[in-house]
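Everything numeric here is computed off the predicted structure, so don't read it as measured data. Residue indices begin at 1 and follow the sequence shown.
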Amino acid sequence: MNTKAKDFFMHLGAMVTLYAGVIALLNLLFRVINVSFPQVERYYFGGGSISLPVATLIVVFPIFLILMNLIRRGYEADPSRKEFAVRKWLIWITLFVTGIVIAGDLITLLYFFLDGRELTTGFILKVLSVLVVAGGVFGYYVDDLRDALTSGRRNLWRIFAGVLVIGAIIIGFSVIGSPRTQRLMNYDVQKVNDLQNIQSQLISYWQSKEILPETLEGLSDPVSSYYVSIPKDLQTGASYTYNKTGDMSFELCAEFNLASGTKSEVSRISNVYYYGIEPEQWEHGEGYFCFERTIDPDFYPPIMKGR
């Protein structure tokens, strides 16, 4: 009974780590593709960070290899363990799932082609990524089910999986950046979000008073009991720069670590669009950068006039 319980959880653990690793690997590959081949029609606002999929792969891939090695040793010690129902059920479930994924992947590719849609480089690479990863899992477990995993063939599958995982991690860091670059990028994303917050407060202030404050401190007016929390640069602790340039125009400035777009920072900024301001751009250069804004009263009428 104890042996069966151990075998059950070892096989289950191997499958769980396998599924987690496959999802993380595809997630990593898709993020790299989204950064390398961004969509033309609109910005891609999916998470640009590769930290979670890379961390998942670093942890679960070795665990998967260890569990599979222990399972293989168990087979060598007692070949009858290959006949456990839990092993066959998990293998057949995996083959079923990967088979559906491969078929769906090919159907999607064929549908886009027959429908006359543009087969972009990014789309083709995503299709190939799914095909290679799912096909590799499918091929391995077909060999396992047929009892065709000789020592040499098993090593080939290990090399295939290792090259795929390690290669994806290396490419991910080369395209999106090192952990230090990710940290600097996070600071820049927070700065843009803070400026978006301040911009929203300035618009609300203008709507209520039909005038812009001379300074950011003017947003908190004790006379009118109008109080707001003005964020500061999380990296340096300094206040953001605000310059009033007209009755309905202003600029917001901050010190940025990286130029947006070069390391996919734009993909990590919240998709906030203020229709009353043109142009609504949040791309920035490296270093000190200012965003110029002009309020459109047609979109943001004064509160008293809008009633």
Hey, quick one: are [X] and [Y] part of the same hydrophobic cluster, counting side-chain heavy atoms closer than 4.5 Å, chains of contacts allowed?
{"X": "Leu65", "Y": "Leu149", "result": "yes"}
{"X": "Leu12", "Y": "Phe64", "result": "yes"}
{"X": "Leu219", "Y": "Phe250", "result": "yes"}
{"X": "Leu52", "Y": "Ile50", "result": "no"}
{"X": "Ile169", "Y": "Val59", "result": "no"}

When you compare the side chains of [X] and [Y], does any donor N or O come within less than 3.5 Å of an acceptor on the partner?
{"X": "Asn197", "Y": "Gln201", "answer": "yes"}
{"X": "Asn186", "Y": "Gln190", "answer": "no"}
{"X": "Arg72", "Y": "Asn69", "answer": "yes"}

Closest non-hydrogen atom pair, [X] against [Y]:
{"X": "Pro301", "Y": "Gln207", "answer": "O-NE2, 3.2 Å"}
{"X": "Tyr205", "Y": "Pro213", "answer": "CD2-CD, 3.3 Å"}
{"X": "Thr294", "Y": "Ser249", "answer": "OG1-CB, 3.7 Å"}
{"X": "Ala14", "Y": "Ile71", "answer": "CB-CD1, 4.1 Å"}
{"X": "Leu212", "Y": "Leu202", "answer": "CD2-O, 3.9 Å"}
{"X": "Pro53", "Y": "Ala24", "answer": "CB-O, 3.4 Å"}

query: With a cut-off of 6.0 Å (strictly less than), are more than 12 heavy atoms of other residues, nucleotides or ligands near CD1 of Ile166?
result: no
- prompt: Would the number of heavy atoms belonging to other residues, nucleotides or ligands and lying under 6.0 Å from OH of Tyr288 be above 12?
  reply: yes
Has [X] got a side-chain atom pairing as donor or acceptor with [Y]'s backbone, closer than 3.5 angstrom?
{"X": "His284", "Y": "Leu258", "answer": "yes"}
{"X": "Tyr240", "Y": "Ile198", "answer": "no"}
{"X": "Glu251", "Y": "Tyr242", "answer": "no"}
{"X": "Ser36", "Y": "Ile33", "answer": "no"}
{"X": "Asp188", "Y": "Asn257", "answer": "yes"}
{"X": "Asn34", "Y": "Phe30", "answer": "yes"}
{"X": "Ser200", "Y": "Gln196", "answer": "no"}
{"X": "Lys82", "Y": "Tyr75", "answer": "no"}
{"X": "Asn243", "Y": "Thr245", "answer": "no"}

Can you tell me how far apart [atom1] ([X]) and [atom2] ([Y]) are? Round to the nearest 0.5 Å.
{"X": "Met68", "Y": "Trp157", "atom1": "CE", "atom2": "CH2", "answer": "12.0 Å"}
{"X": "Ile100", "Y": "Leu95", "atom1": "CD1", "atom2": "CG", "answer": "11.5 Å"}
{"X": "Leu195", "Y": "Cys290", "atom1": "CG", "atom2": "SG", "answer": "9.5 Å"}
{"X": "Met248", "Y": "Asp296", "atom1": "CE", "atom2": "CG", "answer": "8.0 Å"}
{"X": "Ile124", "Y": "Phe112", "atom1": "CD1", "atom2": "CZ", "answer": "10.0 Å"}
{"X": "Leu234", "Y": "Lys191", "atom1": "CG", "atom2": "NZ", "answer": "9.0 Å"}

- request: Check the pair Glu255, Thr236 against side-chain contact (heavy atoms from CB on, under 4.5 Å), reporting the backbone distance first and the verdict last.
  value: CA-CA 9 Å; Glu255 188 77 27; Thr236 64; over 6 Å; no
Would you indicate whether the side-chain heavy atoms of [Y] and [X] approach each other to under 4.5 Å?
{"X": "Phe173", "Y": "Pro179", "answer": "yes"}
{"X": "Arg293", "Y": "Leu252", "answer": "no"}
{"X": "Asp233", "Y": "Asp194", "answer": "no"}
{"X": "Tyr141", "Y": "Ile93", "answer": "no"}

Arg87 with Asp7: basic N within carboxylate O range, under 4.0 Å: no
message: Please list all pairs meeting ring pair (Phe, Tyr, Trp, His ring centres under 6.0 Å) that have one or both residues in residues 86-110, counting only residues at least two apart or in different chains.
response: none
message: As a test of understanding, state which of Leu114, Leu106, Thr108 forms a side-chain contact (heavy atoms from CB on, under 4.5 Å) with Leu110.
response: Leu114
- request: Indicate the ring-plane relationship of Phe289 and Phe256, choosing parallel, tilted or perpendicular according to the 30° and 60° boundaries.
  value: perpendicular
message: The criterion is side-chain hydrogen bond (donor to acceptor under 3.5 Å, both in side chains); which residues satisfy it with Ser80, sequence neighbours excluded?
response: Asp78
task: Verify side-chain contact (heavy atoms from CB on, under 4.5 Å) between Phe138 and Val101, making sure each step is shown before the conclusion.
output: CA-CA 10 Å; Phe138 187 87; Val101 171; over 6 Å; no
message: Using the rule given for side-chain contact (heavy atoms from CB on, under 4.5 Å), can you reason through Val127 versus Phe123, listing the C-alpha separation, both sets of side-chain angles and the distance that settles it, and then say yes or no?
response: CA-CA 6 Å; Val127 170; Phe123 174 77; 3.8 Å; yes
- request: Using the side-chain contact (heavy atoms from CB on, under 4.5 Å) rule, take Leu184 and Gln235 through it: C-alpha gap first, then chi angles, then the decisive distance, then the call.
  value: CA-CA 9 Å; Leu184 295 177; Gln235 183 180 10; 4.1 Å; yes
